[in-house]
Structures are given as C-alpha cells and as structure tokens.
2 protein chains.
Amino acid sequence: MPEAANSFFPQDGEEGLPLEEMAYRRLREALVTGAILPGDRLSIRAVAAAFSVSAMPVRTALRRLAAEQALDLLPSGTAVVPRLTRAGFTELSAIRAKLEPMAVSLAAPHLGEPHWKALAPLVAAHDAARAAGDAAVAQAADRDFLFGIYRSAQAPLLLGLIETLWLRRGPLFRSVRITVTAAGGLRHSHGAMLEALRRGMGDEAAELLRVEIEDATRAILATVRFEGDDTAAERLAWIGKPGRRR
Amino acid sequence: MPEAANSFFPQDGEEGLPLEEMAYRRLREALVTGAILPGDRLSIRAVAAAFSVSAMPVRTALRRLAAEQALDLLPSGTAVVPRLTRAGFTELSAIRAKLEPMAVSLAAPHLGEPHWKALAPLVAAHDAARAAGDAAVAQAADRDFLFGIYRSAQAPLLLGLIETLWLRRGPLFRSVRITVTAAGGLRHSHGAMLEALRRGMGDEAAELLRVEIEDATRAILATVRFEGDDTAAERLAWIGKPGRRR
DNA sequence: GCGTGCGAAATGTGATCACACAATGCCCGA
DNA sequence: TCGGGCATTGTGTGATCACATTTCGCACGC
C-alpha cells in the first residue's frame, strides 16, 4: 500500500509514544477485538491502574474515544462500552452503505498497479481463511482490503468518519464472527470489486460494495441477537432476580 | 420542537456546568461563528487564561474538539483552527449530500403537527432575514430548520456525524456569509421541502435537500476564495518575503 | 421470626488544580 | 547565515473536592 501505515489498527511500537496515545490505542484495540464487552464500565482509575499510568492520560484517551462515539458517557462521566441495539446497528449499516461506496468511487481514479499487487493477496487471504474456518482472519483480510482502498480516496474527512463507524461496530464483532462462521460465511464480493476497479469501473465496484453491505446487514439482523432482544423465555426468567447486574 | 434542546448550538445557562463543558461550548461557538479564524493557534494556557480556568478543562475541551475533527493538532500537540481547502470543502459537501438527505428521509415518518408549527416560522424567518439582508440570521434560521428535522430522525449516530460536519464547516461561515450576501443569496428550497414533508413525501424532500446542498456547494466553489487559492499576483508578492506567517 | 424499607455511612468516581518536566520553536547575537 | 539560549507549550503526576452510587444496618411491619 503506497499510502501511510494503517492508522486504524496500529501495530505495536508503543515505546516512544505519549502515554495518552498508548492508552488510546490499547483501549481502541480492546474495543475492536471484543476484549471489553458492551455494557462494561471503564472508570478512569481502573483503566489507569491496569495500564500503570496516572489518571490524566487515561482520561484524555477515554474522552477522545467518547468524542469519536466509540464509547458512551454516563451522565456522571463514566465511560461505558456502548450496547449496539438492533436499531443502532441498522442505522450504522445504512450510513456505511452511503459512505463506503462513496470512498470506493473516489479512490478508483487513484488506484494503479501497486494497489492491485497489494489488494489481490488480501482477497486470496480472505478466501483461504474462510475455507479454513478462521473467521477472525477472514474478517481482518476484508478489513485491510477495504481500508486499503478507502485510504486511496484522498479524502481524510471521509476516511475518519468511516473509521469511526467501524470503531462503533467493533464490540459487535465477536458475535458476528460466531454467527458468520456458523452460517458458513456471507457472500463476499471483494474479488468482483477488485476486478471492476481494475477495469476502471469505480462506480460498479462501489455498487457491489453497497449491495454487499446491505446483504451482510440483512443476514446479521436475521441471525444475531442484539442488546434488548431478550426472548420471552428470558424475560420471564429475568423476573424476580433482584440482584442481577447489567 | 418536541425533541430535546438543540445540542449543537447551546444557549447560555453556563452556571452549573462542568468547566470542561463550558470551555467546550465556548470554543465551539467561537468556531462556528467565526470568532476564531482558520490558522489561529489555540494554546492550552492562552485559552485557559481567557476563560479564567486552569489548563485541565481547556485541554480536555481542545482534545475533544480535535477528536471531532473540529480542530487540527500540530505534531507538537498545539490545536489550530483547520484551514478548509477547496478539496476539503468539496469532500465535506459530498458527504453532507449523502447524509443529510438520509436524515430527512428517516425523519419524515416521525414528523407531525407539532413539527409543522415549529418549522414553518423558521422558513418565514429565513425569508424575512434574507430580504432584510441579514445573512447571519438567515443562516441561523436555515440551520435550525434543518436540525429540527434531523433531530426527529431518531438516528443519534447520524445526527452526531452531521453535527461534526457542520462544525468542521464552521470556520468557513464568515466568508460564505459575505459572499452569499453579495450574490443576493442562494436559492433555498426549504419551503418546498416543508411542503413535501407535509404531504408525506420524505424522499422527495430529501432529494430537494440534496440538490440544494449541491447547488450551494457549486456556488460557493465558484465565488469563495479558499486557503491555498492564492492568485497569481499574490503569489508573486509572496516571493522573497522570508519572514511571512501563515 | 422473617421479610421489607429507609437512611446513613462508606466507597467509588469524576473534576479540578498547582506543580514539575521535557520537547519545541523562536529570537537574538556572533 | 548559523548557533545557542530562552520563552512557550504540551505532558504527566499527585492531591483534593464534590458528587453519585452502593452497601450495610437498623427499625418497622407482617
């Protein structure tokens, strides 16, 4: 990828970084990978202790994540991992279906030989991983494929918004991964997208992506249980349990 | 407006609020109204002194604005009011043209009599203000009209993104105001939008907005000078002035 | 006696400040 | 024009304050 290093999923290299940046990245990673789950409360002190730093850098990092909508803030100021509801997921997907194809269209004129060389292996990696049943790796390949294109769109504002959306969707990854694996994987059109881009048909590639996002959304809505989706049986079981949490 | 108070342009009531919130709102207001201009550097200490608070709340507020893309951060960490380039403005407008009509479509089913009562005066206020040549008031009425609808879309994530975009566009307001005033005002289709919404044609209203945004963008691109748009004469005058700023 | 409520104390948590440290950039003088 | 010193600015720490929540215990009622 000729562009700068992926700013979304930074690798290690946490040596010389300011502590705030370190805290921010670690929290973001935890969010995206599902290490912390929806509903979890992140108190400044607790996180600071976990990271062995003082409250300030953590506070800044937490607020930054909140400003990016990756965390919610209780009225008291405590940060919580947002629970994605069915409506929230629908909204998120609808926005993605508008912005990400737009990024593909914008990127198309900027793509060239070096990009094909970088993108093609990612499609192959996805297929291989899915065939092997490793949904996490397949997802990672997909993600790298898409962001490889998005970064080429030369649209920093748009890229930032898309990253925000992915971050917000992060906590859902775990369940989606399970579901998708169980379902044998969603159709993925990245190979066709790449072909369209090679032929210079940016809008066609964008349309493929839009359809893919909408299909995937439909599939997830049909199979994944969301926060607040308690079944009748669960609601009944819930009644009369005064001491429950969450 | 039946919804909660406008969170984008808060009025006064800065008594019981945390200082960080106060600093945040005042900075945002300054940004949106053009009180601080693109390129201005906002040092934590300077702002803290201006607001008569210590550095901490200001620091948090500045970082929050930066996370929302309303401010840029120099590598050193100093916050600066972003300069909107021609390309940046084009990108911003393209995103708005996708998201804001979407919000209108989503809001349509939720609108009812109370909304018409609240929105109609805003259209009238716009017309009156424009007739009187008061572009600032006309803009404010437009803004309230649109956000009144957006808030009804029941899409918090989308609303947040749109607010971010407006915030980012804020520093440009001053020049746009001048230009638009000089040009006699852009066509505005809010009356027609309101009519379409009343008839339950949400998509039609959305389309009107999309066209309006695109027209306005075109007009602004054609008339407003952007950062980096130096004319030939200016570029010539620039040569050989080693000590220049900005 | 057992269950239920209410209230106060204890705890947790965020907000803010003043201070110390280090990196950055600027300005002045050679 | 180049170098060095100094002012500015961001980063991070620890203590302290006020507020919110939770928890525990006691008293009341069944």
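Every chain is numbered from 1 and lettered A, B, ... according to where its sequence line falls, protein lines coming before strand lines. Note that this is a predicted model, so its numbers are computed, not measured. When reading the values below, keep in mind they use all heavy atoms of this one structure, side chains included, and skip hydrogens, waters and symmetry mates.
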Counting only side-chain N and O atoms of B/Arg45, is one of them less than 4.0 Å from OP1 or OP2 of D/dT8?
no

Tell me whether the OP1 or OP2 atom of C/dT24 has a side-chain N or O from B/Ser76 closer than 4.0 Å.
no

Decide, yes or no, whether a salt bridge links B/Glu29 with B/Arg25 under the criterion of side-chain N to carboxylate O below 4.0 Å.
no

Whole angstroms only, please: what is the CD1-P distance between B/Ile44 and C/dA23?
17 Å

Between the side chains of B/Lys117 and B/Glu113, is the shortest nitrogen-to-carboxylate-oxygen separation below 4.0 Å, so that they form an ion pair?
yes

If you check the B/Met56 side chain, which of C/dT16, D/dT9, D/dT13 turns out closest?
C/dT16

Lys/Arg-Asp/Glu bridge criterion (N-O < 4.0 Å) met for A/Arg168, A/Asp72
yes

So that I can tick it off, tell me whether A/Glu20 and A/Arg64 are bridged by a salt bridge, with the cut-off set at under 4.0 angstrom between side-chain N and carboxylate O.
yes

Evaluate the side-chain proximity of B/Leu37 to B/Val81: yes if any heavy-atom separation is below 4.5 Å, no if none is.
no

Verify the contact: side-chain N or O of B/Arg59 to OP1 or OP2 of D/dT11, cut-off strictly under 4.0 Å; return yes or no.
yes

How close or far is atom P of C/dG14 from atom CG of A/Leu71, stated in whole angstroms?
12 Å

Nearest-Å distance, CZ (A/Phe51) to P (D/dT11)?
18 Å

Which comes earlier along DNA chain D counting from the 5' end, the contact point of A/Glu21 or that of A/Arg41, where each point is its nearest nucleotide?
A/Glu21

For the pair made of CG in B/Leu42 and C1' in D/dG10, what is the distance, rounded to whole Å?
14 Å

Rounded to the Å, how far apart are A/Leu74 CG and C/dT13 P?
12 Å

Most 5' of B/Pro75 and B/Glu20 on DNA chain C, judged by nearest nucleotide
B/Glu20

Taking C/dC17, D/dG10, D/dT13 as options, the one with an atom nearest any side-chain atom of B/Ser43 is D/dG10

To the nearest Å, how far apart are B/Leu73 CG and C/dT24 P?
15 Å

Within the pair A/Arg63 and C/dA15, is there a side-chain N or O less than 4.0 Å away from OP1 or OP2?
yes

